[in-house]
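Report on the structure given below.
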Amino acid sequence: MKRIIWMMLMNLVHVPRVLVQLLRRAAHPERYTMEQRYATIHEIAERGIKGGRVDVVSTGLEKLPKEGGYILYPNHQGLFDVMVLIDLHEQPISVVLKQELTKIPLLKQIIQCLGALALDRSDARQGLQVVLQVAEDVKKGGKYIIFAEGTRSRDGNKVQEFKGGSFKSATKAKCPIIPVALIDSYKAMDTGSIERVTVQAHFLDPIPYEEYKGMKTTQIAAEVRRRIEEKIAVESGEQIEEKSMAAGD
């Protein structure tokens with residue numbers, strides 16, 4: 001919360017204009033293109049990061065497919081994850097998130113501008129509808145962020161188990177899966193500090209449908225998690241336990 005307040009204070013001259021723009025575009029999304037709505041959210045992310053004493057180091061953006069839809073599957077560390085991914089991702093991209101977040105003022109408007117999909121984890125039927133909606137959007141060229149852990153990690157850079165169900169949209173869309181390794185993202189907003197921090201975001205090699213089409217979703221989940229853990233270990237100088245493609249059998 002302290003860093004969010006600091007971000008706003010450092011951008012005080014821009015807050016009224018951006019806030020009006022956000023509220024207007026969220027209230028009437030049909031009047032604006034996705035590119036126009038995304039430009040507002042992208043500016044919020046960019047100004048927030050610059051004013052919030054956060055340095056972002058990224059690699060692998062050039063690996064993102066130039067055409068067609070895809071889904072980013074990052075590890076989940078906290079509130080800052082979506083902000084850094086939107087800041088780095090120039091093209092419009094949406095996100096699947098938990099329904100509770102749609103009730104938070106301003107965040108609700110950001111969600112509306114992004115065309116984000118809210119997931120009710122207590123309603124299996126609604127969850128299936130979200131899976132199908134994401135798949136249809138991606139088939140048409142849409143891009144999404146899905147946090148396969150389901151909830152943020154409470155243990156720094158340690159990656160939790162990835163849920164197989166999170167990959168159903170990808171298998172139905174037959175789209176590339178892009179693992180993303182986030183490092184120290186939790187330090188930006190989840191430590192209560194406003195000290196300058198460096199967050200890393202590494203976009204790993206896309207996994208084409210041809211590579212995972214014969215795998216169970218639990219196997220896909222285990223493999224994506226393995227690649228992210230491996231990258232985090234390399235960048236952090238740590239050692240991890242070897243996991244195979246067959247994990248999840």
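All values below come from the heavy atoms of this structure, side chains included, with hydrogens, waters and symmetry mates left out. All residue numbers in this chain count up from 1 along the given sequence.
Sequence neighbours left out, not one pair with a member in residues 48-69 passes ring pair (Phe, Tyr, Trp, His ring centres under 6.0 Å). Applying the salt bridge (charged side-chain N to carboxylate O under 4.0 Å, His left out) test to residues at least two apart or on different chains, the pairs with a partner in residues 192-202 are Asp55-Arg196. Sorted by first then second residue, the salt bridge (charged side-chain N to carboxylate O under 4.0 Å, His left out) pairs that include residues 4-28, not counting sequence neighbours, are Arg17-Glu43. Annotation: ring pair (Phe, Tyr, Trp, His ring centres under 6.0 Å) contacts involving residues 93-142, sequence neighbours excluded, are absent.
Under the side chain to side chain donor-acceptor pair (under 3.5 Å) criterion, Asp190 pairs with Arg152, not counting sequence neighbours. Remark: Phe162 engages no residue in a ring pair (Phe, Tyr, Trp, His ring centres under 6.0 Å) (not counting sequence neighbours). For Asp205, the side chain to side chain donor-acceptor pair (under 3.5 Å) test picks out Lys63, with sequence neighbours left out. Checked against ring pair (Phe, Tyr, Trp, His ring centres under 6.0 Å), Tyr212 has the following partners two or more places apart in sequence or in another chain: Tyr209. Judged as a side chain to side chain donor-acceptor pair (under 3.5 Å), and not counting sequence neighbours, the contacts of His202 are Thr59, Gln200. Tyr70 is linked by a ring pair (Phe, Tyr, Trp, His ring centres under 6.0 Å) to His89, counting only residues two or more places apart in sequence or in another chain. By the ring pair (Phe, Tyr, Trp, His ring centres under 6.0 Å) test, Tyr73 is found to be paired with Phe167, residues two or more places apart in sequence or in another chain being considered.
Under a 4.5 Å side-chain heavy-atom criterion applied to ILVMFWY residues, the cluster that includes Leu128 comprises Leu132 as well.
A donor-acceptor pair shorter than 3.5 Å cannot be found between the side chains of Asp155 and Ser153.
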